[in-house]
Amino acid sequence: MYKSQDIIKKDNEFILGTYAPFEVVFDRGEGSKLYDIEGKEYVDFLAGIAVCSLGHNHKKLTKAIKQQSQKLMIASNYYYTEPRGQLAEKLIKNTHFSKGFFTNSGAESNEAALKVAKKFFNSQNKGRYKIVTCLNSFHGRTIATVTATGQEKFYKPFSPMPDWFVYVPFNDTKALKNALSDPEVGAFMVECVQGEGGVNPATKEYMTQARKLTKQNGQLLIIDEVQTGIMRTGKMYGYEHYRIQPDIITLAKGLGGGFPIGACLITEELANVIEVGDHGTTYGSNPLACKAALAVVTELQKPRYKKHILEVSDYLMHKLKNLELSDFVKEIRGLGLMVGIEFEEKISAKAVLKELLNKGVVTSTAGKNTLRLLPPLIIQKEEIDFMYDKLTQILKEYKNA
Ligand SMILES: Cc1ncc(COP(=O)(O)O)c(C=O)c1O
């Protein structure tokens, strides 16, 4: 019996069944490659779901973690440590934000954002309490963030849910305008590119109007950058593509490059309503996570990464666009290294995923029949070629079947 079978058996016996993992046991990674426990090599087009932007086993990141872990892992937020201020400065410098709060995950970053928004509404005393979010969005799995997530399948099993979220169709400016005209609405929370929803980029017009309307109405614009942030789209933050200034952004995933850390960045006006005791966390801001993120952000802010991401994402998009001519592919869409391939109904994205996995390419699916590509930001053209060859092989097999 293969070693992987023992591992899978134990996992299935003791791990709560909230996922249905594919039967591959990953053991180690190097750059954009993953290796399973039997030694088979895979090209990683998932990056731990948009997490390990620098790839696996990046020397600067592992060195930072090793050194800081031997120095100080945690001291609590009752005391000062150096890395958190350094990281906050790095994330905030050259932006319009003024303060940051560190968390351990995307959902917690969004929880922090929602609490800041609610405290702000209450300080205004205008009876605002509702938050508008988009259908098909994804904001996390805590009670508030899963309700913010405009997909019934995620929150329905846990109803009744908080009743202060209002959903609007994504990229529909008219519907947004209508929802924001409710005087009880205080904020609009949105992703620049709906990731879990199927890699749907927001249009320029939508985001520009979202900022304009929320500003006119005295409402907050919260952008969930958990998946789009930290260079995933080719810019430090996804909102930069739209030339707008949100009041709050949330981060996680790519921030720690594999080490769990999230953040919520807010403007001065909002920071002014937050008082000691309003929010807290045991692990958030710990020096180990902050030092890891500092290594990631310092590396990714080097100009060569921006150039590389632009080059390889163009290369990837260009190649994939050929597939739109195939009978099986409905649409290719994305921003930077966040790319979706939506298939026609006659083939299933999940079946393609499984065949790619057999052929040594790791991907994921999202939204409606869409294969999602989220490679490490260091992905090379040859690795893109490898993935593309396997994908075209699979589509050819479908055609000949
Ligand atoms: C846009 C967005 N927000 C929030 C989350 C939740 O992040 P986490 O799983 O770290 O809690 C995700 C996760 O996929 C996400 O894509």
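Read the numbers this way: they start at 1 and go in the same order the structure lists the ligands and their atoms. Sequence positions, counted from 1, serve as the residue numbers for this chain.
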When you compare the side chains of [X] and [Y], does any donor N or O come within less than 3.5 Å of an acceptor on the partner?
X	Y	result
E38	S4	yes
E225	Y239	no
N136	Y167	no
E205	T208	no
E196	Q227	yes
T233	H241	yes

From L316, L323, V361, residue fulfilling side chain to side chain contact (heavy atoms under 4.5 Å, CB included) relative to Y388 | L323
Which protein non-hydrogen atom lies closest to [atom], naming both residue and atom, and how far is it?
atom	value
atom 10 (O) of ligand 1	G106 N, 2.8 Å
atom 5 (C) of ligand 1	V226 CG1, 3.7 Å
atom 16 (O) of ligand 1	Q227 NE2, 2.8 Å
atom 2 (C) of ligand 1	F138 O, 3.3 Å
atom 11 (O) of ligand 1	A107 N, 2.8 Å

Quick one: which ligand 1 atoms are inside 4.0 Å of a heavy atom on [X]?
X	value
S105	10 (O), 11 (O)
E196	14 (O)
D224	1 (C), 2 (C), 3 (N), 4 (C)
N110	3 (N), 4 (C)

State whether the side chain of E383 and the backbone N or O of V43 hold a donor-acceptor pair below 3.5 Å, judged by distance alone.
-> no
Heavy atom under 4.0 Å from ligand 1: found in [X]'s side chain, backbone, both, or neither?
X	value
K253	side chain
E108	neither
T228	neither
A252	neither
E191	side chain

Check whether any side-chain heavy atom of L221 sits under 4.5 Å from a side-chain heavy atom of I244, and report yes or no.
->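 When only atoms from C-beta onward are counted, I244 and L221 do touch, with a gap below 4.5 Å.
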Going by distance only, is there an N or O of G140 that falls short of 3.5 Å from an N or O of ligand 1?
-> no
Between CD1 on residue I248 and CD1 on residue I223, distance to nearest 0.5 Å = 11.0 Å
